[in-house]
2 protein chains.
Amino acid sequence: MTLINAISSLTMPLLATATASDSASIIAAVLISLVVIYLASIIGSEICDRLNMPPVLGQLLGGLVVGISALHLLVFTDSGGDSGDSVLIKFLVATTGLSIDGAATIFQINSEVISVLAELGVVILLFEIGLESDLKELLKVGPQSAIVATVGVAVPFAAGTFGLMYLFGVPAIPAIFAGAALTATSIGITAKVLSELQYLNRKEGQIIIGAAVLDDVLGIIILAVVASLAKTGKVEITNVLYLIVSAVAFLVGAILLGRLFNPYFVKIVDELKTRGQLLIPALIFAFVLSYIATAIKLEAILGAFTAGLVLAETQKCRALKNQVLPIADIFVPIFFVAVSAKTNIAVLNPFVPENREGLIIATFLIVVAILGKVVSGFTVFGQGETNRLAIGVGMIPRGEVGLVFAGIGSTSGVLSGSLSAAIIVMVILTTFLAPPLLSFVFQKPTIAEGERV
Amino acid sequence: MTLINAISSLTMPLLATATASDSASIIAAVLISLVVIYLASIIGSEICDRLNMPPVLGQLLGGLVVGISALHLLVFTDSGGDSGDSVLIKFLVATTGLSIDGAATIFQINSEVISVLAELGVVILLFEIGLESDLKELLKVGPQSAIVATVGVAVPFAAGTFGLMYLFGVPAIPAIFAGAALTATSIGITAKVLSELQYLNRKEGQIIIGAAVLDDVLGIIILAVVASLAKTGKVEITNVLYLIVSAVAFLVGAILLGRLFNPYFVKIVDELKTRGQLLIPALIFAFVLSYIATAIKLEAILGAFTAGLVLAETQKCRALKNQVLPIADIFVPIFFVAVSAKTNIAVLNPFVPENREGLIIATFLIVVAILGKVVSGFTVFGQGETNRLAIGVGMIPRGEVGLVFAGIGSTSGVLSGSLSAAIIVMVILTTFLAPPLLSFVFQKPTIAEGERV
C-alpha cells in the first residue's frame, strides 16, 4: 500500500490520503516494533542461556531494556505513554516522512496491534502448553493441585490484607484489594520456565500447572468479589456463584465433550487436502474455546489451554506439536517482551523520596507473596518423594494478572499511588525472581526415567 | 484479561473499565474474526481443490461469502462499513455483553488489527515466495521479464486512457487515472496460483514473477506521476526519477549486499541455542528489508520478497522453508479472505439501472486489462519452446493494487462513481478469472524433468 505513500509525499490534498497513508505507516510501525521485540528477545534469551538462566528471563529483561523503563523503543498507550515518548515513532517520523499529527494515530494503532499480538502470543503459548500436558497426569494430581491452589490463594490474601490493615493502618477496602492482587499465579511464565527446565511433565510440574489453572479461576472470582465489595460494600453472591459454576462447567464440559469430539476431529483432518489441513482446524478449535471462555467471563488462555489438553489426546498430537512450534516461536516472545516493556521499574528507585513508603509496603507484600506460595507447596500430601519446595516456588510469579489488579485499583481510585506502586514492584520482583529460584530448586533432571511418575 | 470483564459485568463505575473491558472484548473479537476467516478459507480451498481449481480461488470466494457482499460477518472500516453492519460485532454484543457504545470502538480496532494481520500475511507470503524462487533463474529471465513488464504496463495504460477519452468522452485526468489502475499485476495471487500448479520454478513462472515485481515498481511510479498530474497538471520529474532510482538501487543493492551478508547469517544462526534460533533472525532480516522498502516509498512486500531471495541462497534455506510453512499457513489465508471480504460485488448487479453506465465501461476496461497483459506475453523472445500465452495470462490479476487506485481515485473526487465502480469490477473479474484461466493454459506439469530450464 506504499503506493499511497508516494502520493502523500507529493502532498496531494486527498481526503483518502490520511487513512491510506496511515495504512502504509501502520504496517511499517508494526514491522519495526516486531524487529525490536525479536532483537530484545533473542539477545536476552541467548545471554541468559549462556549464564544457565531460563531464556524467558532474558525475554523479560530484554523487554525492560526496550520498554518504558529504559530505551523507550516500545511504548504502549496503556503504560501511560504517548507518541512523544516513543523513540520508535520518532524513528518512523524521521525515516518515513510521517507527520507529527499522523504519528499520534500510528502510535495508538501500533500499540493496540502489538498488544493484540501479545495476547495471541499468550493464547498460543497456553495452547502449546496444553498440547504438551498429559491430562491423565493432571487428573492424577488434581486433589494436590486443588489444595496447593486454595492455600496459595488464601494465605497471601489473608496475610496481605490483615498485614496492611494492622501493621500499616491501610483502610479495609484498599487492603483487601492489595491482598487480592497477591493471589493469582501467572501460568505463562511458570509454564515456560518449567518447559525450559524439562519439568513440565514431571509430577511437580503437573501439580504446579494444575494449581495455576485453578488459582486463575480463583483469582477471577476474587477480583469479582473485591470489585463488588469496593462498589457496594457487600458481596453479590449470585455473581460469585455464577463465576464458580461457569469455570468448573467449562473445564469439565470441554474435556468430556472433547473426548467425544476427538475422533471426528481426526476424521475431518484426514479428509482435508489443502495447505494447513491440520493446523487450521486445530486453531479454529482453540480459538472457539478461547472465545467461549471470554464470553462466559473467564480468560481466553483458559480456553486455549483446554483446547490443547483435548487435542493432546488425539493421534495427531505429535504432528500438531511440530507445526505449532514455529508459530509459538514467533508469537510467544511478543507476549513476554511486551509485558515487561509495559512495566516501569522507575518506581523501584529508592533515591526518590516519594517512593520510600511504597518501598516499605512493597517489601512486606513481596515477603507475603513469596512465603504465601512457598507454604502452599508443603500442603502436598501422600506423593512420596516430591520436591514440595519447588512446587511452592513454582507458584510465585504473578506476572500480568497482578498488573491488571494494580491497574484497575489505581485508576479506580481504590488504591493510593504508593500502594499501587507497591503492587507493581511485587509483581515485577516475583516475576523476575521465580525463574532463577526455580532453576535453583529444580536442578536439571538427572533422575533416571524409572523414577518419573 | 477477562478478570476485568467480570468487573464490568458488575457495572462498576471505574475509569479503567472502558479500556480494560475493551481489551477483553478486542481479543474476543479478533479470535472470532480469525475463526470466520479460517472457516471461509478452509471450506473454500477444499471445495475448489475437489473441483480441480486452485485453492486460492476458494479463499477469495470464501472471503466474498463472509464479507461485505454477503454474510457481513467480516466488515472493515475501509470498505465503508460501520459497527452496525457487522454481524460479528452483533454476535459479540449478544454473547459477551459488550455495550453498543463499546461496540463501535471494538469494531474499529478489530478492523485495524485484522487488516494489519492481512498485511503481515502478504509480507510472509512474499517472503515464502522469495525463499522458493531461484535468483539465478530470475536473473536468467531478467530481460524477458523487463519486456513483459514494460509492455504489460504500457499497453493497458495507453489503451485504457485513450479508449476512455475517445470512445466514452471521459476527461483526460480521470481517464489517465483509470488507465493507470490497469497497470499493476498482483504478485500475491499470481504467485500463489503458480505455486499451487507447481509452475513457480519453471521458466514461465520465473518470467511472470520477475515481470510482476518490475511492474509493481512501474505501478508505483505511475501512481506518483498520475497523482502529480491530477494535482498540478504537470509531472514532477524529480519525484519520478527518485522512485525509479530508489527501486532499482533497493533490489540490486539488497541482492549484492545479501551475498556478502549470507555467510554471517549462517554463522550467527549456528551460534544461537534458544528456541526460534533460525526463524527469528530470518524474520528480523525480512522485516528490516520490508521496513526499508516502505521507508523509501516502495512496498513492504518488495522487501520481504527480496529477503526471501537472499536467504534462499544460504544453506539454511531448506530448514527455513519448513519452519515458514506453518506460519504462512496461518497468515496467508487472512490476506486472501480479507481482500475479497472488503470487496462489494453489489456494484456488479445489472438490475440496478445506476450500475449500467459503469457496467459498459467496466466491460471495456476488463477487455483492455486482459488483452493488454496477454499481448505482453507474446513479447518474450529467444526462449525456445515457451508458453507465451501462459505468461500473458499470468500477468492478468490486478488484486489489491488495483483496489488502492480505485479507492484513491474515488475519495479524491478524480473518478466519478461509475468509473470507480468500473475499476472495482475490473479488479474483481481479473482476480477471479486469472486462477481458472491459468490452470487452463498451464496444464499440470507432465513434461519430463529433463525439459525443464
Side-chain angles (χ1 to χ4, degrees), chain A residues 1-7 9-10 12 14-16 24 26-28 30-32 34-35 38 42 45-46 49 55 95-96 109 112-113 116 119 220 223-224 227-228 231 239 272-276 279-280 284 287-288 290-291 294-295 297-300 323 326-327 329-330 404 407-408 411-412, chain B residues 1-7 9-10 12 14-16 24 26-28 30-32 34-35 38 42 45-46 49 55 95-96 109 112-113 116 119 220 223-224 227-228 231 272-276 279-280 283-284 287-288 290-291 294-295 297-300 323 326-327 329-330 404 407-408 411-412:
Chain A
M1 306 299 112
T2 324
L3 290 162
I4 310 134
N5 234 356
I7 285 211
S9 76
L10 300 167
M12 198 178 162
L14 298 182
L15 263 173
I26 289 166
I27 186 75
V30 170
L31 288 171
I32 203 73
L34 289 176
V35 168
Y38 289 149
I42 198 99
S45 300
E46 291 291 326
D49 188 65
T95 55
T96 67
I109 296 176
E112 278 155 0
V113 169
V116 169
E119 298 246 11
I220 293 162
L223 184 56
S228 166
K231 181 191 151 214
N239 198 55
L272 300 180
K273 288 177 179 64
T274 54
R275 270 187 66 169
L279 201 50
I280 297 286
I284 291 175
F287 290 172
V288 166
S290 303
Y291 180 80
T294 312
K297 316 288 178 210
L298 303 172
E299 292 199 56
Q323 294 187 26
I327 292 168
D329 282 347
I330 66 163
V404 169
I408 297 171
T411 43
S412 68
Chain B
M1 303 298 114
T2 323
L3 290 161
I4 309 132
N5 234 356
I7 284 209
S9 75
L10 298 168
M12 199 178 162
L14 298 183
L15 263 174
I26 289 165
I27 186 75
V30 170
L31 287 171
I32 203 75
L34 289 176
V35 167
Y38 289 149
I42 197 101
S45 300
E46 290 292 325
D49 188 65
T95 55
T96 66
I109 297 176
E112 279 155 1
V113 169
V116 169
E119 298 247 11
I220 293 162
L223 185 58
S228 164
K231 181 190 151 217
L272 299 180
K273 289 177 178 66
T274 54
R275 270 187 67 168
L279 202 50
I280 296 285
L283 284 185
I284 290 175
F287 290 172
V288 166
S290 303
Y291 180 80
T294 312
K297 316 290 178 207
L298 303 172
E299 291 199 57
Q323 293 186 26
I327 291 168
D329 283 347
I330 65 163
V404 169
I408 296 170
T411 42
S412 68

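The chains referred to below are lettered A, B, ... by the order of the sequence lines, with proteins before strands, and numbering in each begins at 1. Any value given below was found using the heavy atoms of this structure, including those in side chains, with hydrogens, waters and symmetry copies removed.
- When all heavy atoms of P326(A) and I327(B) are compared, the closest pair comes out as O-CD1, 3.9 Å.
- For V116(A), the parts lying near chain B are the backbone and the side chain together; criterion is any non-hydrogen pair under 4.5 Å.
- Contact record, G276(B) with I42(A): O-CD1, 4.1 Å, taken as the closest heavy-atom pair.
- Closest approach of E46(A) to K273(B), counting heavy atoms only: OE2-N, 2.8 Å.
- Among all heavy-atom pairs drawn from Y291(B) and L31(A), the shortest one is N-CD1, 4.3 Å.
- We find the CG-CG distance between D49(B) and L272(A) to be 10.0 Å, quoted to the nearest 0.5 Å.
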Are L34(A) and L283(B) close enough, and set up right, to give a side-chain contact (heavy atoms from CB on, under 4.5 Å), and what steps lead you there?
-> CA-CA 9 Å; L34(A) 289 176; L283(B) 284 185; over 6 Å; no
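- The CD atom of E119(A) sits 8.5 Å away from atom CD1 of I26(B), with the distance rounded to the nearest 0.5 Å.
- Pairing each heavy atom of L279(A) with each of D329(B), the nearest pair is CD2-CB, 4.4 Å.
- Heavy atoms closer than 4.5 Å to chain A are found in the side chain of V30(B), but not in its backbone.
- Between A28(B) and T294(A), the shortest heavy-atom contact is CB-CG2, 3.8 Å.
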